[in-house]
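Structure, as structure tokens:
Throughout, a chain's letter reflects where its sequence line sits, starting with A, and its residues are numbered from 1.
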Amino acid sequence: MSRRLVLLRAAAFACAATIAQACRSATDSGPPPVNLLGTWNYAAAQTAPTTAQLTGTLTITRQRGHDLNGTLQVVQTTGGGAPQSLSGVVSGRAVDSTTVDFDAFLSATGRRHLGTVGGDSIVGEWLELSDGPSTTGTFRARRVSP
Amino acid sequence: MFALAAVLPVRDARAQARFSDAFRSGATAAFGPARGPEGGVGSRPTGPDEVPVALAAPVVARGAPRSYQVVSVSVPPGFLPDQTVWYDVRSTGLAPILGSKAGHLVPSAVGRPAVLVTVGVPARALAGHRVVAFVRFTAPATAPVDVPVDLDVETERRISIIALQDLHAAHGGDLLELRYRITNAGNATDTVDVRVMSPAGWTVKDASVSRSRLALPVNASAEYLARIRIPASAAGSGTSLVSVVASAHGEERSRAESAVEVLAPAGAGTHRGALLTTGVATVTGADGGDNTMFGASISGPLTEHVAVSGQVSSSQRADGDAARGLARVGYYSSAPYLMIYSPTWRVSLGTTGQSFSDVTGLNAWGRGVAGAYTGSTWTGSALAARPASGVSSATGDGDLYGARVSRLVSDAWITATATHLRDESVFSRRLDAFGLGASVPVMRATTLTGEVAQRDYQGGSGIGYASELRGDSRGTNLALRVSHAPGGSAAFARAEDEVSASVAHSFSPGMLVSGNVFDLRDQSGTFSDLRSHGWSVVPQYRLTPRTDLSFEARSASFDASGTAGSFGSAEMALGATVNTTRGAMYGTGSVLGSRVSRSTVTPGGTSFEERAPRSVLRGAGGWATAHGSLELDASLEQSGAGVGLLPRQSIIGLRADRVPVGRLGVPVYASAGIQRYGWFGDRSATHILRAGLTALLPADFSATIDAERNPLLATGQGTGAWVVALKLERATRLMRFGDRATRGAVYQDLNGNGRRDAGEPGFAGAVVRRGSSSMVTDQDGRFEFTDNVSGAPQLDVRSLPFGWVASGAPAFDGGRSAIGVMPTSTVEVQLVVTASDSSSPPAVDLSPAQVIARDTLGRTWIARVSSSGRALLDALPLGEYTIELDLSLVAEPLRVPPVAPTFTVVGRGRREIRIPLYTRPVRFNVLPNSRRDSSRARGLPAGTSREPHAGDSVRPNPEPTAPAARALIVDTAYGRVARSSPGDAGDANAVDQLPTSALLASPRFAGLLRPYVVRRDDTLRGLATRFLHDEMRWPVLYDLNRSSIRDPDLLIIGQQLTVLALRHPLVIDTLMLPGNPWSPSRDPMQPARP
């Protein structure tokens, strides 16, 4: 059997495994520890490796138990580059009544946010891991509509 | 080679007439109808009063053109074997006959005697049979018999093909027409097959003359047109050759090549300046801020070595979906900047920044000025700016100053850096640093760089250091990095501590393995402590030349502590990716499986940790061409029932970009896309729709409309509303500074006056060059250069079709150039040797002659003459011409018309001019018909005179007035002398004295006559040798001094003479050649030595 055939079969097996994995579903029951549904004005600062400002809208459209889903759209403006309009889905979890932990998938790699919830505001830090210095920053969100 | 002729007298007058016609026309098989029962006999009349001559079967001589053939003609059987037979060889004029022309044959005991006849086969002889001579045999009491000599000319096949235009220029995608002329230069009708050979990818659309097989008679020409489509991909590819091959009977006979220069599209070259784009964009259906924005940008070269890049936009700030809508048409609310740069330096104004080094400051961005210089021994960079928040023109608190200088010392670069960086705009970062470093080569293609710096940052100070080892040799690329920067990213560093390595090695042309490892620790201010580390290994294989397969194994994790608590993630993944291409199609597929763990610890002490599998499946395929692209992509992601990660998500999308929409009057391109997000029932699926049109309007304007409906975004109208953006722009290509724009035209100078007059159209397809730039004229003959090359454009005359020439120097005035080309005419000059009297002209080889056409400006065109006197002046421009003839190398003296022929070329076409050439006048002086009476011969008694042509020297004079006289023939121009033969002398005219008056009147002798006093031992022969370079020319001197010389044998010392002093020994008349029966050397009546 040629090496090429072996490699192709390995790839096909991996695909099948992935599809099978996709058939599993996730469940989370129980009341949410804190209500995060609604539209939030989102503002963030990127602190490393370069600085940038991000402003936009965080929308939490679904919260079931601890799990939450939504979208994030931002305009990211760096000190020297052109602004970027970014958007993606949000998926995360309310850890407890004062802490929210979610990923915003503005790119293939999620930006993990960890924030402290205080009423209609969230304050915290975010981090996007890469193969070198991670991109880090702070964020603040204020709910404008439930 | 010989045939015995059976002789029978033929009395049939019709047969005689038929043969006579065939003889005159030189037709082949002239003897067939007259062939008799004994092997071919006939008869032909020899004159009204002559007896019929029997005609024998022909003797055939076979040979190729430009050869000599010898045939043996035997005495016909009708003659008795013991009979003496006289022969006379008479040429028909169709081919030169050499050798003895007359004589007698005595009986031979060996066999029947024969006459050897040498036939010269003319170079232009047509293939086939020709009667070239008759050998007449006569004997007493026997009827004369003519034996024809039949020349069978072998077939000679010669095909020539020439390109009617040596150079063509075109652009990619053009349909090019190439013309060729095919000529049958052989001596028989030929059939020619034509084949076109063009570069790969070029298409021969059709080839006419409607067929690729031609039947060409002798000397006939046909024009061949080849149409070739040049592929668009060949644009700017340079010069290629197109060959046209002419074959006959399966063999290549000739080929012609044309050069085709494929130019780059107009405006696509490097000689254009920067592109300035101005425009306005607006967005509807969105909220947030001002929805209209003006902008301008510039990008491209300013001069040959300096380029510019800049942008400015209105200061209004658009937020949210309005900004997204504007961004989709390329408009952002950003701070202005301008950068001017060259290969060695750069200066930027406005929004600018600089990265110095890991320990002296990275990523310092703000509003100000920055510059950099890179030389062979020095490099430097500097920054002076205020920190910027990145939006509009607002600046935050702080200062950004720094400078870095490097100097090459031996093989090492020594670097010194000083920075003062304080940025409070977005996040507080501070650094004051001074560092020294060096970069040295340590081994082959490997460099070690190190730097140490004193770092003062917010809340502390310390010594930082950074070192890096980089190598790239033998298929291995290596980078090792170690740094320590107190203050971390809050003090303009990548991290506080970093160790990383990356390596890639090519094990074979089809296998590459790369990997990396990293470990970082940082105190960024955002996080009190941040650690991350990871590794990856990626082997890549080339399965086929167009298919790659790669695998990936990687791991990455971080742990961070901030105000909201501590959290961390870790993921280890395995994956594979396949990429393939098939022409314009491409495809990619990947699969990734990983194990993810996440942890969270809140300030309140709540901790959460979960591990879950994660799988990703992605695929995409598309078709990308110059006429747009189409792509289908899909992905499937599945995570375990954890937090933060997508539980499940599928995305499938179809996208088309820049697809031409035809026939709208202007170029219009469309883009559209649809994307479906699905979450497997956890949420409702979402469709994102996008569509747009871009129209390229006249005057460099363009308009774009773009619409997006994105339910993931919340707009002013809620989710799912359409956001429509409009943009109107104008892109202007600027001139490069220092360039000289030169516009001009190539026009048809139809009247040849060197100026462009009304009604003179442009000339399309001509190549004009200036420096290294080349342009081809458009349909109106126009061209334009935009470069920095000085000088006037030059027409490449190779690009002119056959029959066109430049009409003189181009006019160049104020950056505009006018280059005239004019049609030419083909003039065929036929030199006709004409007798001065009613006799037939002699056969003269005119090939040594030259025909010279001289125009009113003194320019000359020279044509060689064929042996038959035909000269072709192929391409004479418009104008008036005078024809001059150079006959100096023609063996036979000929006179040109007293008035030089003139003609006028008024346009394209072909015309013929016939110029008569007259044979030279000669004098016949009657000599005594007695070889003993030499004194009388030298006395030259008076008689009549005339001026016959040189051919008369071989012809009997029709009016004999002095029987038995000899003629002394003198060329009055050259002083050549000959004598008549005894037989002819009896027919010669009596002539009077040699024409001294004619000599004196001749312009050729002006200044050549001089007085001479006779000295001791002088003789006329001696004086002829001295002054005329030939003692046999003594009669000329005698004639000149007839009044003073009573006896040519007696000269008196002190006697006054007139002599003709020739400067050069002139060509001796053929009559003087040894072997010529007319030569005095063989003349038994040669005068005694005077």
Side-chain angles (χ1 to χ4, degrees), chain A residues 4 7 10-11 14-15 17-19 21-22 24 26-28 39 45 47-53 55-57 59 62 66-67 69 71 73 75 77-80 82-83 85 87 89 91-93 95-96 98-99 101-103 105 112 114-116 124-125 127 129 131-134 136-138, chain B residues 319-320 323-324 327 332-334 351 353 363 365-366 388-391 423 426-427 489 494-495 500 516 518 520 524-527 530 532 534 543 549 556 558 560 562-565 567 569 576 578 591 593 600 602 604 606 608 613 615 617 636 638 641 643-648 683 712-714:
Chain A
R4 182 185 306 175
L7 296 175
C15 292
T18 300
I19 295 172
Q21 179 70 22
R24 297 178 57 191
T27 58
D28 190 7
T39 301
T47 59
T50 61
T51 59
Q53 284 188 330
T55 59
T57 304
T59 307
R62 175 177 174 271
H66 288 266
D67 293 345
N69 299 102
T71 61
Q73 62 177 115
V75 174
T77 309
T78 62
S85 179
S87 66
V89 297
S91 181
R93 175 186 179 93
V95 179
D96 56 23
T98 60
T99 303
D101 184 355
F102 64 90
D103 274 336
F105 289 86
R112 188 171 175 189
L114 184 65
T116 301
E125 296 85 32
L127 184 145
L129 184 62
D131 284 353
S134 300
T136 62
T138 60
Chain B
D319 290 328
R324 180 179 175 85
Y332 306 96
S333 181
S334 61
T351 300
N363 302 316
W365 287 93
S389 62
V391 178
D423 180 3
V426 177
F427 179 74
S489 59
R494 286 163 54 94
S500 64
N516 79 314
F518 64 93
L520 295 95
S524 65
T526 302
F527 296 107
L530 171 63
S532 60
L543 299 178
L549 172 65
F558 76 86
T563 58
F567 61 122
S569 296
V578 176
V591 58
T600 307
T602 67
T606 303
F608 176 82
S615 302
L617 188 64
L636 173 65
Q638 166 67 39
V643 298
L645 299 174
L646 293 172
R648 287 187 299 179
R683 286 185 283 167
L712 297 180
L713 304 179

Which portion of A:Leu114 sits near chain B, non-hydrogen atoms under 4.5 angstrom:
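It is both, since atoms from each part get that close.
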
Is it the backbone or the side chain of A:Ser134 that comes under 4.5 Å from a heavy atom of chain B, or both, or neither?
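For A:Ser134, the side chain is the part near chain B, not the backbone.
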
Leading residue by heavy atom contact count with chain A [cutoff under 4.5 Å; candidates B:Ala560, B:Ser569, B:Ala495]:
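It is B:Ser569.
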
Between B:Phe558 and A:Leu127, is any pair of side-chain heavy atoms under 4.5 Å apart?
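SC-SC contact between B:Phe558 and A:Leu127 confirmed.
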
Between chain B and each of A:Thr47, A:Val95, A:Thr99, count heavy-atom pairs under 4.5 Å; write down the option with the most.
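Option with the top pair count is A:Thr47.
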
Identify the heavy atoms of A:Gly137 and B:Thr526 that sit nearest to each other, and give their distance.
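That closest heavy-atom pairing would be O-CG2, 3.4 Å.
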
Smallest separation among heavy atoms of A:Ser91 and A:Asn69, with atom names
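That would be OG-ND2, 3.4 Å.
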
Side-chain donor/acceptor of A:Glu125 to backbone N/O of B:Phe527, under 3.5 Å:
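Judged by distance alone, no pair lies under 3.5 Å.
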
Sidechain-backbone polar pair: B:Asn516 side chain, B:Ser500 backbone, donor-acceptor under 3.5 Å
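Not a single qualifying donor-acceptor pair exists.
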
So what's closer than 4.5 Å to chain A heavy atoms on B:Thr563: side chain, backbone, both or neither?
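The answer is both parts of B:Thr563.
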
